[in-house]
Amino acid sequence: MQRVKLGNTGIETSYLAIGTGTNGWNGSSNQTRLGFEKCVNLLEYAYDNGVAFIDSADMYGSHRETAELGKRVGRSNLVIATKTVAKDAEKAKADIPRFLKELNADYLDIVLMHCMTRGDWPTAMRPVMDVLSDYKRRGVIRAVGVSCHDFAAFQNAAEEEWVDIVLARVNYDGVAMDAPPDQAIPVIERMKANGKAVYGMKVIGQARLADNWKGAIKFVFDLDCVDAVTIGMQSREEIDRNVDYIRSLFNPSSGSAPLNMRPNIGGLEAR
């Protein structure tokens, strides 16, 4: 699996992340509902196939499984993203030490404020942002950012200086996105122009684009403004399929593409 740099964060990881939050909220997801050992084995299988980026969250209930993977393969070999739903400074101050304990880690690669639904979040969430910034200054967190479920919130993420990285909903059909692709993609381009890292979710539209899964992955792959993608894979077969196809995009002939360089395989206008 090709490795990429996530914007200006200094973080390098696999282009493909395994999501642990399919139908996830309130402490569980399809991945964790597989059972502890099956979930960890799935994550380990993804890692063995080059997927070293784990997209987790407090609300997915996947910290314990992610921590076990770290024990098996080495914490420093993984990039772990997690998310907090803290709405005030005290909750944020409590969350980070708990996340470190649950993930059996002394640092967190990426911490996102989860599911911003208000356009004024840069003001309303400032106390939480200040807490995360303090942990970042102390070297406990490497990069901070947001995931959004509202277009105004998404637009403001492009302009907010505090944001290092955005988890963006993006696919060719607008399924479960903050706005249709012709509106959302220019915002993602602004994010990149402003030096932010972007990794894409809902790439296959919560499986609603599964009949054209290759086209869905390739559409996002062709966007120069998206550094990496997370897909909520639930079986070894899904991992094999996605890994093999993404490898073929990076390596359409012989030899692999240089780090963070993609072959010229068509742009958005051709879609």
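Predicted model, so just to flag it, every value in this text is computed and none were measured. Only this structure's heavy atoms are used, side chains among them; waters, hydrogens and symmetry mates stay out.
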(message) Please determine whether the number of non-hydrogen atoms from other residues, nucleotides or ligands lying under 6.0 Å from atom CG of N26 exceeds 12.
(response) no
Review point. Could K136 and D130 be called an ion pair, given the rule that one side-chain N must be under 4.0 Å from one carboxylate O?
Key: no
Discussion item. Angle between ring planes, F221 versus Y15, binned at 30° and 60°: parallel, tilted or perpendicular?
Written reply: perpendicular
key: Cation-aromatic face contact R72/Y47, 6.0 Å, 45 degrees   = no
- Message: Between the side chains of K93 and D134, is the shortest nitrogen-to-carboxylate-oxygen separation below 4.0 Å, so that they form an ion pair?
- Response: no
Determine whether I110 and L6 make a side-chain contact, defined as any pair of heavy atoms from C-beta on separated by less than 4.5 Å. yes
- prompt: Below 4.0 angstrom, N of the basic side chain to O of the carboxylate: do E102 and R98 qualify?
  reply: yes
Given S14 and Q2, is the side-chain hydrogen bond (donor to acceptor under 3.5 Å, both in side chains) satisfied, shown in steps?
-> CA-CA 6 Å; S14 57; Q2 186 74 14; over 6 Å; no
Partner of I165 under side-chain contact (heavy atoms from CB on, under 4.5 Å), picked from D109, V111, L112, V146, is L112
- Query: Quick check: does any side chain N or O of S147 sit under 3.5 Å from a backbone N or O of C115, one acting as donor and the other as acceptor?
  - Reply: yes
Heavy-atom distance under 4.5 Å between the side chains of I80 and R75, does that happen here? yes
| Is atom CZ of R190 surrounded by more than 12 heavy atoms (other residues, nucleotides or ligands) closer than 6.0 Å? | yes
Problem set entry | E160 bridged to R126 by N-O distance under 4.0 Å | yes
Taking the side chain as every heavy atom from C-beta outward, state whether W121 and M113 have any atom pair closer than 4.5 Å. yes
Heavy-atom closest pair (G232 atom, E238 atom, distance to 0.1 Å) is O-OE1, 4.0 Å
(Q) Is it true that, when you exclude R208 itself, more than 12 heavy atoms of the residues, nucleotides or ligands shown sit nearer than 6.0 Å to its CZ? (A) no
Q.
Within the supplied structure, the quantity of interest is the number of heavy atoms (other residues, nucleotides, ligands) at a distance under 6.0 Å from D182 CG; does it exceed 12?
A. yes
inquiry  = Looking at K87, I'd like to know if its NZ atom is crowded, meaning that more than 12 non-hydrogen atoms belonging to other residues, nucleotides or ligands lie closer than 6.0 Å.
reply    = yes
inquiry  = Please tell me whether T84 and D95 have a donor and an acceptor in their side chains that are separated by less than 3.5 angstrom.
reply    = yes
For W213, the ring pair (Phe, Tyr, Trp, His ring centres under 6.0 Å) test, sequence neighbours excluded, returns Y245
Partner of Y199 under side-chain contact (heavy atoms from CB on, under 4.5 Å), picked from L167, D227, V226, is L167
**Asked** Are any of the side-chain heavy atoms of D150 and R118 separated by less than 4.5 Å?
**Response** no
Would you find a donor on one side and an acceptor on the other, under 3.5 Å apart, between the side chain of N171 and the backbone of V175?
yes
Between A57 and T82, the two heavy atoms sitting closest are CA-OG1, 3.5 Å
query = Would E237 and R241 count as a salt bridge (Lys or Arg N to Asp or Glu O under 4.0 Å) if you check the C-alpha gap in whole Å, the side-chain angles of each, and the deciding distance to 0.1 Å?
reply = CA-CA 6 Å; E237 292 74 19; R241 181 187 74 181; over 6 Å; no
Q: Decide yes or no for I204 and N212: does some side-chain heavy atom of the first lie under 4.5 Å from some side-chain heavy atom of the second?
A: no
Check D222 with K218, please: is the shortest side-chain N to carboxylate O separation under 4.0 Å? yes
Has N8 got a side-chain atom pairing as donor or acceptor with G195's backbone, closer than 3.5 angstrom?
yes
